[in-house]
Amino acid sequence: MSFTQHLVDKYQDAWRQTQLHPFVQELGQGTLDRDKFRFYMIQDYLYLIDYAKLFALGAVKATDLKTMGEFAALLHSILHEEMELHRSYAAQFGITEEELEKTEPSPITLAYSHYMLHAAQNGSLAELTAALLPCMWSYWEIGVMLKEIPGAADHPDYGEWVRMYSSEEFGELAQWCIRLMDRLAEGKSGDDLARLETIFLNATRYETMFWEMAYQGQMWPVGSST
């Protein structure tokens, strides 16, 4: 059994929560409140700024040119494809550039992105990959799952999101990350593998918490800014 299959099997409950969350389910059914999606797109835009840094760090930590090039390609994809989707949705949902620039990250956005960057900066390429993998992998699985719902890929508000994350191109990127995780896990000690498992599990938990944050519109408690 591959290391990544072991991760999904061991943490099946946590992994499936990302797919079963009401935000994801309602997005696929086309019944998600537009204000919830608007909130999500802004916070996800802020998240992607830090997420992209993981791939820049991956290019730095890589020990061969091929892996460096793959991380550079993934960084380009995030900056010029994923974030372009967010800018397109910003226009569609009346989100101004000023709003994108001035909105503060929610507590969950901040905690999740900082957790991944901490794991990446203080660990090896393996720790970095374990931190970024749940987002890339779960979004691909969610996109493929939602595409099977009749009309989901053609929904006027959410169809573009479904089409992007279910696309063959995005799937290839996700599968490369999966294969890299398996390769980097080879020959690791039990303690090293346990550390990678913990990072993967925590990032998976953060994925569900991010959906919940978006669904509930959770920001800082009232009065905490004074």
Side-chain angles (χ1 to χ4, degrees), residues 1-12 14-21 24 27-28 44 47-48 50-86 112 116 119-120 123-149 152-153 160-188 193 196-197 199-208 210-211:
M1 180 187 295
S2 69
F3 180 63
T4 52
Q5 187 59 54
H6 161 74
L7 290 173
V8 171
D9 287 350
K10 183 173 182 178
Y11 302 119
Q12 184 72 207
W15 185 250
R16 293 308 169 201
Q17 283 182 29
T18 65
Q19 300 176 5
L20 298 175
H21 193 277
V24 172
L27 189 154
D44 201 46
Y47 167 87
L48 283 175
D50 280 338
Y51 191 63
K53 296 176 184 177
L54 290 171
F55 295 89
L57 285 169
V60 171
K61 289 178 178 283
T63 58
D64 62 274
L65 288 174
K66 186 175 186 300
T67 304
M68 288 175 65
E70 292 288 356
F71 271 108
L74 281 159
L75 174 60
H76 184 276
S77 175
I78 292 169
L79 293 177
H80 298 284
E81 295 177 22
E82 277 199 80
M83 294 191 81
E84 179 55 37
L85 173 69
H86 287 65
Y112 186 11
M116 289 189 299
S124 67
L125 188 62
E127 279 81 9
L128 181 150
T129 304
L132 67 82
L133 183 58
C135 180
M136 181 76 71
W137 191 358
S138 69
Y139 266 57
W140 174 47
E141 285 202 352
I142 287 169
V144 171
M145 176 186 72
L146 297 187
K147 190 178 180 181
E148 296 300 313
I149 299 175
E160 187 177 4
W161 192 98
V162 174
R163 291 193 300 274
M164 176 171 182
Y165 291 113
S166 64
S167 68
E168 182 177 344
E169 294 78 12
F170 190 81
E172 289 174 354
L173 298 178
Q175 290 175 75
W176 181 82
C177 290
I178 293 168
R179 291 193 299 272
L180 177 64
M181 185 75 268
D182 286 331
R183 177 165 63 84
L184 294 172
E186 291 178 0
K188 294 287 187 185
L193 292 176
L196 297 178
E197 287 185 10
I199 294 171
F200 179 87
L201 174 60
N202 286 341
T204 299
R205 288 165 167 165
Y206 269 122
E207 278 296 307
T208 300
F210 197 92
W211 293 125

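We use all heavy atoms of the structure for the numbers below, so side chains are in, but hydrogens, waters and symmetry mates are not. Here the structure is a predicted model, which is why all the values come from computation and not from measurement.
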S.K.: Between Cys135 and Tyr112, which heavy-atom pair has the shortest distance, and what is it?
M.R.: CB-OH, 3.9 Å
S.K.: Could you pull out the closest heavy-atom pair between Ala152 and Gly28, with the gap in Å?
M.R.: CB-O, 3.5 Å
S.K.: Applying side-chain contact (heavy atoms from CB on, under 4.5 Å), run through Phe170 and Val144 and close with a yes or a no.
M.R.: CA-CA 10 Å; Phe170 190 81; Val144 171; over 6 Å; no
S.K.: Would you give the length of the straight line joining atom CG of Leu133 to atom OG1 of Thr204, rounded to the nearest 0.5 angstrom?
M.R.: 8.0 Å
S.K.: Please walk me through it: do Phe55 and Leu79 pass side-chain contact (heavy atoms from CB on, under 4.5 Å)?
M.R.: CA-CA 11 Å; Phe55 295 89; Leu79 293 177; over 6 Å; no
S.K.: Output yes when Asp182 and Arg179 qualify as a salt bridge under the 4.0 Å nitrogen-oxygen rule, no when they do not.
M.R.: no
S.K.: Would Tyr11 and Gln17 count as having a side-chain donor-acceptor pair, cut-off 3.5 Å?
M.R.: no
S.K.: Below 4.5 Å, heavy atoms only, C-beta onward: do Val162 and Leu27 meet side chain to side chain?
M.R.: yes
S.K.: Can you measure from OG1 (Thr4) to CD1 (Ile178) and round to the nearest 0.5 angstrom?
M.R.: 6.0 Å
S.K.: Within the 4.5 Å heavy-atom criterion, are Tyr165 and Lys147 side-chain neighbours or not?
M.R.: no
S.K.: If you compare all heavy atoms of Leu57 against all heavy atoms of Ala120, which two are closest, and at what distance to 0.1 Å?
M.R.: CD1-CB, 4.1 Å
S.K.: Quick check: do Val24 and Thr18 have side-chain heavy atoms less than 4.5 Å from each other?
M.R.: no
S.K.: Which pair of non-hydrogen atoms, one from Ala203 and one from Pro134, has the smallest distance, and what is that distance?
M.R.: CB-CG, 3.6 Å
S.K.: For a quick test of reading the model, state the closest non-hydrogen atom pair linking Ala52 to Ile78 and the distance between them.
M.R.: CB-CG2, 4.0 Å
S.K.: Atom OG of Ser77 and atom CE of Met136: how far apart are they, to the nearest 0.5 Å?
M.R.: 7.0 Å
S.K.: Only counting residues at least two apart or in another chain, list the ones meeting ring-ring contact (aromatic ring centres under 6.0 Å, His included) with Trp211.
M.R.: Phe23, Tyr40, Tyr139
S.K.: Between Gln19 and Arg16 (side chain of the first, backbone of the second, donor and acceptor by atom type, cut-off under 3.5 Å), is there such a pair?
M.R.: no
S.K.: Around atom CG of Leu20, are there more than 12 heavy atoms of other residues, nucleotides or ligands at under 6.0 Å?
M.R.: yes
S.K.: Would you check if Phe71 and Lys61 make a side-chain contact, meaning some heavy-atom pair closer than 4.5 Å?
M.R.: no
S.K.: Please step through side-chain contact (heavy atoms from CB on, under 4.5 Å) for the pair Leu193 and His6, ending with a clear verdict.
M.R.: CA-CA 11 Å; Leu193 292 176; His6 161 74; over 6 Å; no
S.K.: I need the Met164 CE to Trp140 CH2 distance, nearest 0.5 Å.
M.R.: 15.0 Å
S.K.: Distance check, rounded to the nearest 0.5 Å: Leu180 atom CG versus Leu125 atom CG?
M.R.: 5.5 Å
S.K.: Can you tell me if His21 and Glu207 form a side-chain donor-acceptor pair at under 3.5 Å?
M.R.: no
S.K.: What's the shortest heavy-atom distance between Trp137 and Ala174, and which atoms?
M.R.: CA-CB, 4.5 Å
S.K.: Would you say that Lys188 contacts Phe3 through its side chain, given a criterion of any heavy-atom pair below 4.5 Å between the two side chains?
M.R.: no
S.K.: Which value, rounded to the nearest 0.5 Å, describes the distance between Leu201 atom CG and Tyr206 atom OH?
M.R.: 11.5 Å
S.K.: Carefully, step by step, assess Ser124 and Glu127 under the rule side-chain contact (heavy atoms from CB on, under 4.5 Å).
M.R.: CA-CA 5 Å; Ser124 67; Glu127 279 81 9; 2.3 Å; yes
S.K.: In chain order, what residues pass the salt bridge (charged side-chain N to carboxylate O under 4.0 Å, His left out) check against Arg183, with sequence neighbours excluded?
M.R.: none
S.K.: Could you tell me how the ring of Tyr51 sits relative to the ring of Tyr47: parallel (under 30°), tilted (30 to 60°) or perpendicular (over 60°)?
M.R.: parallel
S.K.: May I ask you to test the Met116-Asp50 pair for a side-chain heavy-atom distance under 4.5 Å?
M.R.: no
